[in-house]
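Since the structure comes first, as structure tokens, the remarks are kept for the end.
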Protein chains: 2
Amino acid sequence: MRSASDLTARARIRDAALIRFGTDGIAGTSVRAVAADAGVSPALVVHHFGSKEGLRQACDDHVLEGIRSGGEAGTDALGEVLQAATPVRRYLARALLDGTAAASTLFDEIVDRTQQWLATGEEEGWVRPASDARARAVTYVSWLLAPLVLGDHVGRLLGGDPAETATAVRGARAGLEMLTSGLFADDRWLTAFNEVGER
Amino acid sequence: MRSASDLTARARIRDAALIRFGTDGIAGTSVRAVAADAGVSPALVVHHFGSKEGLRQACDDHVLEGIRSGGEAGTDALGEVLQAATPVRRYLARALLDGTAAASTLFDEIVDRTQQWLATGEEEGWVRPASDARARAVTYVSWLLAPLVLGDHVGRLLGGDPAETATAVRGARAGLEMLTSGLFADDRWLTAFNEVGER
DNA sequence: ACCCGCGCTGAACAAGTGTTCAATACTCTG
DNA sequence: CAGAGTATTGAACACTTGTTCAGCGCGGGT
């Protein structure tokens with residue numbers, strides 16, 4: 001068998017599904033549509049993946065495998081996610097919102113890795129201490145994931161081509177600036193928040 | 001006519017649709033489902049809204065109107081969004097991802113208001129200067145919108161009840177800390193980024 | 001009293017959905 | 001070359017989808 005070579009119809013179907021799922025959502029995508037995109041009959045996709053749900057699982061596995069393949073523990077796990085190809089990004093955003101089990105797992109993993117990464121940075125002195133390390137890791141991850149999920153809007157406002165590297169760089173730099181220098185010059189908002197939060 | 005009173009079947013349908021659209025996505029929601037939730041016949045929803053698309057538009061309008069009703073220009077426009085009821089939040093997240101025209105408009109408005117707000121803050125000295133004010137506003141908005149879109153995952157990792165105020169507060173405080181004190185203690189990442197970005 | 005208009009419904013329609021199945025084309029093993 | 005096994009298909013099935021339409025009950029205006 002040649003299942004390893006990966007230019008088979010099975011792979012074509014999976015890739016087509018990934019794009020359509022990411023663009024139109026899972027519920028909004030018909031098996032016939034991905035079959036047409038892959039240039040095969042609808043019957044073949046269910047022959048290979050058992051069902052539409054099986055196809056979605058295969059997409060999940062493919063994306064997760066691709067992300068997990070690079071990146072050892074301790075590194076910034078988000079770089080790989082953000083550098084993933086655009087169809088994958090779109091699919092991931094959908095999966096995250098739809099609450100796919102695989103997406104949840106991925107999110108948890110990224111948070112764990114990031115928290116670890118921030119902890120070592122804290123020890124080595126290049127990350128500031130946090131009052132709530134867990135909450136900070138979660139928030140940080142959701143921040144870096146935000147342009148991924150809201151990519152269309154960010155791209156639209158920052159430049160012509162959405163999901164273009166140049167515009168993504170603009171946003172990334174702005175974010176890094178906020179994360180290094182801070183956004184607010186004094187802690188008026190922080191203290192105000194803490195005062196309100198006491199209940 | 002009593003269309004103003006707003007406990008009519010029309011309003012019930014709209015509210016049911018808002019919840020289902022937010023939970024299952026627009027494509028994943030059938031007219032029959034929202035009709036059943038509202039306790040009416042499927043024919044009535046199309047009688048009131050013309051079509052499923054019309055129903056979605058009505059949801060858009062309702063959400064936007066609710067958000068826009070409070071909040072003058074110059075204030076932090078995001079507070080209202082984040083304090084919106086959970087069904088509305090879920091719906092907004094979906095609409096943002098689906099690229100609804102209304103959602104795009106809302107996003108643009110929020111960015112504009114925020115940029116203005118940050119500019120006055122910069123003049124008054126409580127916001128640090130930015131190298132790219134537009135990019136900063138866009139990134140800032142997408143950051144504050146992130147917990148909204150990824151609410152389920154954030155909630156799951158930060159506490160028992162997702163979308164519970166207590167857990168949301170935890171995340172918000174962590175975010176505020178990063179925005180005031182910064183996350184990174186030196187600019188190693190920023191300079192590294194700038195070096196790479198020169199091409 | 002009439003009946004017009006409005007909210008509302010049940011039944012139906014055509015189109016599209018995921019999935020099944022028998023049958024064909026293909027490819028490698030013996 | 002024969003044959004087993006896989007890839008692939010067209011047609012069909014049962015079902016759900018959004019939408020249409022004739023008709024019901026009922027309140028208020030003339």
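Below, chain A is the first sequence line, B the second, and so on; all start at residue 1.
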### Task
Would you mind reading off the distance between B/L55 atom CG and D/dT19 atom P, rounded to a whole angstrom?
10 Å
### Residues from residues 15-22 of chain B lying under 4.0 Å of DNA chain C - heavy atoms
none
### Message
So, taking the atom named CG in A/D98 and the one named CG in B/D24, what distance separates them when rounded to the nearest 0.5 Å?
### Response
9.5 Å
### Query
A/T180 side chain to B/D187 main-chain N or O, any donor-acceptor pair under 3.5 Å?
no
### Task
Give the rounded distance in Å between these two atoms: CG of B/L44 and P of C/dT9.
5 Å
#### Entry: Verdict with supporting geometry, B/H48 and B/R10, side chain to side chain donor-acceptor pair (under 3.5 Å)
CA-CA 7 Å; B/H48 274 305; B/R10 185 188 157 100; 4.5 Å; no
### Query
For A/H47 and C/dA25, what is the distance between atoms NE2 and C1' respectively, to the nearest whole Å?
13 Å
### Task
At under 4.0 Å between heavy atoms, which parts of nucleotides 13-19 of chain C does protein reach? Answer with one letter per nucleotide, 5' to 3': B base, S sugar-phosphate only, - none.
----BBB
### Query
Any side-chain heavy-atom pair from A/D152 and A/R90 closer than 4.5 angstrom?
yes
### Query
Roughly how many Å is it from CD1 in A/I13 to C1' in D/dA7, rounded to a whole number?
10 Å
### Message
When you measure from the side chain of B/S30 to the backbone of B/A33, do you find a donor-acceptor pair of N or O atoms at a distance under 3.5 Å?
### Response
yes
### Task
May I ask you to evaluate whether A/H48 reaches the phosphate of D/dT8, defined as a side-chain N or O under 4.0 Å from OP1 or OP2?
yes
### Task
Would you please classify the geometry between the B/W189 ring and the B/F184 ring as parallel, tilted or perpendicular, with 30° and 60° separating the classes?
tilted
### Task
For B/R188 and A/W126, indicate whether the former's side chain and the latter's backbone hold a donor-acceptor pair under 3.5 Å.
no
### Task
Kindly indicate whether the side chain of A/R173, heavy atoms from C-beta on, has any atom under 4.5 Å from the side chain of B/D132.
no
